[in-house]
Amino acid sequence: MSDTLTVIDNRTGKKYELSISDGTIKALDLRQVKVNEADFGMMTYDPAFMNTAACKSRITYIDGDKGILRYRGYPIEQLAESSNFLETAYLILYGELPTRSQYDEWVQHITLHTMIQENIKTLMDGFHYNAHPMGMLISTVGALSTFYVDAKDIHDPESRRKQIHRLIAKMPTLAAFAYRHSVGRPYVYPDNNLSYTANFMSMLWKMTEPQFQANPILAKALDVLFILHADHEQNCSASAMRGIGSSHVDPYSAIAGAAAALYGPLHGGANEEVLHMLDAIGTKANVPAFIKEVKVGKGRLMGFGHRVYKNYDPRAKVIKRLADEVFEVTRRNPKLDIALELERIALEDEYFVKRKLYPNVDFYSGLIYQAMGFPVEMFPVLFSIPRTVGWIAQWEEMLNDPDQKIARPRQIYLGLGQREYVAMIKRS
Ligand SMILES: CC(C)(COP(=O)(O)OP(=O)(O)OC[C@H]1O[C@@H](n2cnc3c(N)ncnc32)[C@H](O)[C@@H]1OP(=O)(O)O)[C@@H](O)C(=O)NCCC(=O)NCCS
């Protein structure tokens, strides 16, 4: 016997059997619950998708209560320890770790697509000198759709594959160019003899030397940070990617929308906010007073809390360890002491304990980025580079899922009924 849920409608006395699969009922099955034939049928009300699965996915698994994050079944801690970003990207996109030849071919494809059209550079030049690099990234990745018209062929797997290579390869170039623009330095072209992260660092920081020598510890740290940020199942920007992509627009336009979602301070903008918060707190001695303010609702403790994790974010644990390695190379970020004190007090405080508010990925990542020399405006940009992999994986899965259609939520209309237009002269 299959699992069912029995619903009794007290309005009519009717009984309905709704089938349960994967622990869910189909929202559309509720539509049979009606008071009469003219009734539209029952809907669910779920603002912010607190309890609605919008897709079936095989990419990323999170158990928020236990603090578990896995890509395609592999624990994030193992990938951070043993994999590298491009290998993890392959895993996320294609479901399995690559063989040696698959890996070499994959890296080769990404490496060969790092250049961007010169016209994109001209577009970059048009931005104001103090333009936020994330605004520049969002605009220029969207603009790529005008250069790669074949990207509209979203139902052709070969075309999709090409856009995937281009997107993963060009995001660091766009990001680095946005940074160079903001500091008034000439753009540095990609160096295809360097690794993914070393090349990114070269495009950011190369001056007159023939080849940029990235510090291997910092390049490795950036690579690990990219692994940690590569996907996070149905978060705000992934949902935006799926939602926009469901209209069958090209992936560059959809990524621009996903990146815009990431820009917000409640999502990818949070690590930037953490740094602003630490600046505002100023010293360790001010931490208790700050916590007190948060508890009475004056602001939030940025980098704390998560819609899904009700335990320590597993990525935050890896990052905390990584911070020590990075600070061995750079000087210790003086804000770390304030952050550690905030964490210590918050983890003991009833307000945070009761609400299960733990440090999330953004709490420490900003400190590392800042110690490496990134200005805070670059933080969401740094997030977008690896998350591009997750966005594309979610997008492809959506396109290949026969259950999916154009995303189009319902509403509960609470506005006025029909009324007659009133000429302006007669309005009071
Ligand atoms: C991530 C976040 C948006 C999740 O929000 P959410 O799941 O909608 O949780 P809610 O906003 O309903 O919060 C639940 C309760 O915890 C409190 N809370 C949540 N995050 C908090 C924080 N960072 N500081 C203080 N209180 C917080 C809320 O005020 C609320 O309290 P209440 O029940 O007394 O009203 C939220 O925790 C937040 O704003 N965190 C700071 C921003 C951040 O770090 N974002 C990065 C996410 S990776």
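Read the numbers this way: they start at 1 and go in the same order the structure lists the ligands and their atoms.
Using a 4.0 Å cut-off between charged nitrogen and carboxylate oxygen, D104 and R100 count as a salt-bridge pair. A salt bridge is absent between D153 and K162: the closest approach of a Lys/Arg side-chain nitrogen to an acidic carboxylate oxygen does not fall below 4.0 angstrom. Note on D9 versus K34: no salt bridge recorded, every NZ/NE/NH1/NH2 to OD/OE distance being 4.0 Å or above.
The option with the heavy atom closest to atom 15 (C) of ligand 1, from among K356, R300, E273, R355, is R355. Of the listed residues (I291, V294, N271), the one carrying the non-hydrogen atom nearest atom 25 (C) of ligand 1 is V294.
No N or O atom of F352 sits closer than 3.5 Å to an N or O atom of ligand 1. Checked against a 3.5 angstrom limit, the closest N/O atoms of K310 and ligand 1 fall outside it. Annotation: R315 places no N or O atom under 3.5 Å from an N or O atom of ligand 1; distance criterion only. The shortest N or O to N or O distance between A270 and ligand 1 is not below 3.5 Å.
Every atom of ligand 1 is numbered from 1 in the order shown, and the set under 4.0 Å from a heavy atom of L301 is 22 (C), 23 (N), 24 (N), 25 (C). Atoms of ligand 1 lying under 4.0 Å from at least one heavy atom of Y351, given by number and element, are 17 (C), 25 (C), 26 (N), 27 (C), 29 (O).
Residue E397 is tested with R242, R58, Q404 for a side chain to side chain donor-acceptor pair (under 3.5 Å); the sole match is R242.
With sequence neighbours left out, the ring-ring contact (aromatic ring centres under 6.0 Å, His included) criterion links Y71 to no other residue.
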